[in-house]
Amino acid sequence: MCGRFSLATDQTILQEHFEFLIHEELEFRYNIAPSQDILVVGSNGVDRVGTKMRWGLVPPWAKDTKIGYKMINARAESLDEKVSFKRPFQSQRCLILCDGFYEWKKEGNMKQPYRFMMKNNKPFAFAGLWERWDKGDKPLFTCTIITTKSNELLEEVHDRMPVILPEDKYDEWIDRNQTNYNDLKSLLVPYQANLMDCYPVSSLVNSPKNESKECIVNVNSL
DNA sequence: CCAGACGTTGTT
DNA sequence: GTCTGG
DNA sequence: CCAGACGTTGTT
DNA sequence: GTCTGG
């Protein structure tokens with residue numbers, strides 16, 4: 001699954017890679033946790049546009065936002081069946097930008113965190129969905145990360161992994177005119193394991209309070 | 001029709 | 001709001 | 001995901 | 001154990 005990640009890449013590099021417009025300042029994040037604002041890229045019909053949204057999807061009918069804590073991931077296999085995800089899947093798809101994500105592996109009594117990233121160290125995109133909630137003082141935009149079964153690399157740690165989209169699928173995924181949902185679902189597959197890598201990191205990352213660069217350091221190389 | 005749920009993961 | 005279950 | 005809280009009343 | 005908060 002995916003419950004923690006990083007985005008500590010220069011904004012200029014992100015904009016070169018993802019080619020999106022944005023009207024906000026981005027900051028380096030080493031330990032992003034659910035309920036926090038994350039960088040989402042969608043389409044306005046012409047351009048790709050980046051905005052920040054709260055991680056943890058809150059459906060429009062929810063009385064309060066607590067439900068968002070449980071909606072940080074959405075299973076790819078059942079997107080079009082689940083009431084809360086069906087509409088977002090049909091019309092509110094987005095990219096969620098990232099440059100590494102954390103998974104915890106049980107090793108005896110210990111839980112060892114690992115960071116997964118691309119071998120080429122480039123930023124990448126999770127397949128995501130967003131939603132708008134209007135029962136508060138002002139509109140609240142929230143989002144979720146889609147998961148699928150793990151590839152050979154992730155399998156060592158978990159049986160689920162976030163869906164990572166290849167560059168050449170970005171536009172199809174966020175295209176509001178794409179209504180071939182079978183085609184869209186065919187994008188939601190495990191990412192090629194041989195393009196990815198991982199390494200153990202400090203248990204500093206366990207606490208969302210720790211937001212230092214140490215979170216992304218390979219403890220084997222210390 | 002109305003009532004009640006609406007979610008994922010991991011662990012037992 | 002919308003879907004499933006009864 | 002992990003960490004940390006988990007409660008009410010009445011009095012100061 | 002289960003929920004909320006980050």
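Here is how names work: the chains are called A, B, and so on, in the same order as the sequence lines, proteins then strands, and each is numbered from 1.
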- Query: Can you check the A/D37 CG to E/dG6 P distance for me, whole Å?
  - Reply: 13 Å
- Task: Provide the distance between the two P atoms, one in E/dG5 and one in B/dA5, to the nearest whole Å.
- Result: 22 Å
- Task: Give the rounded distance in Å between these two atoms: CD of A/E103 and C1' of B/dT9.
- Result: 11 Å
- Item | Whether A/F141 and A/W130 hold their rings parallel, tilted or perpendicular, with breakpoints at 30° and 60° | tilted
- Message: Suppose you measure atom C1' in E/dG1 against the same atom in D/dT9; what distance do you get, rounded to whole Å?
- Response: 26 Å
- Query: Contact class for A/P59 (heavy atom, under 4.0 Å): base, sugar-phosphate, or nothing?
  - Reply: nothing
- Using 30° and 60° as the class limits, which term best fits the ring planes of A/W104 and A/Y102: parallel, tilted or perpendicular? tilted
- Message: Any heavy-atom pair between the side chains of A/L187 and A/W173 that's under 4.5 Å?
- Response: yes
- Message: Categorize A/S35 for me: base, sugar-phosphate, or nothing, with a 4.0 angstrom heavy-atom threshold over every strand shown.
- Response: base
- Taking atom C1' of B/dT9 as reference, at what distance in whole Å does atom CD1 of A/I72 sit? 9 Å
- Note on the structure: The Watson-Crick or G-U wobble partner of C/dG6, with both key distances under 3.5 Å, is B/dC1
- Query: Can you tell me how far C1' in B/dA3 sits from the matching atom in D/dC6, rounded to whole Å?
  - Reply: 31 Å
- Message: Check A/D159 with A/K149, please: is the shortest side-chain N to carboxylate O separation under 4.0 Å?
- Response: no
- Sticking with atom C1', work out how far B/dT8 lies from D/dC1, rounded to a whole angstrom. 11 Å
- Using whole Å, report how far NZ of A/K66 lies from P of E/dG5. 8 Å
- Task: Send over the distance from A/W133 CH2 to C/dG1 P, rounded to a whole Å.
- Result: 14 Å
- Identified pairing partner of D/dG7, criterion: Watson-Crick or G-U wobble below 3.5 Å: none
- Taking only N and O in the side chain of A/K209, is any of them less than 4.0 Å away from OP1 or OP2 of E/dG6? no
- Query: Can you check the A/D80 CG to C/dC3 P distance for me, whole Å?
  - Reply: 12 Å
- Reading nucleotides 1-8 of chain B from the 5' end, what letters show protein touch, with B for base, S for backbone sugar-phosphate only, - for no heavy atom under 4.0 Å? -----BBS
- Can you tell me how far P of B/dT9 sits from NZ of A/K149, to the nearest Å? 14 Å
- Expressed in angstrom and rounded to an integer, what is the separation of A/Q92 atom CD from C/dG1 atom C1'? 13 Å
- Output yes when at least one side-chain N/O atom of A/Y69 is less than 4.0 Å from OP1 or OP2 of E/dC3, else no. no
- Task: Using the C1' atoms only, state how far D/dC2 lies from B/dT11, rounded to an integer number of Å.
- Result: 16 Å
- Task: Could you walk me through whether A/S43 and A/R176 pass side-chain hydrogen bond (donor to acceptor under 3.5 Å, both in side chains), step by step?
- Result: CA-CA 7 Å; A/S43 169; A/R176 303 143 120 206; 5.2 Å; no
- Query: Taking the side chain as C-beta and beyond, is there a heavy-atom pair between A/I146 and A/N73 under 4.5 Å?
  - Reply: no
- Under the side-chain hydrogen bond (donor to acceptor under 3.5 Å, both in side chains) criterion, do A/E172 and A/Q178 qualify, and how do the steps go? CA-CA 7 Å; A/E172 179 178 0; A/Q178 170 61 285; 3.0 Å; yes
- Message: For A/Y181 and A/F89, take the angle between the two ring planes, folded into 0 to 90°, and tell me which bin it lands in: parallel under 30, tilted 30 to 60, perpendicular over 60.
- Response: tilted
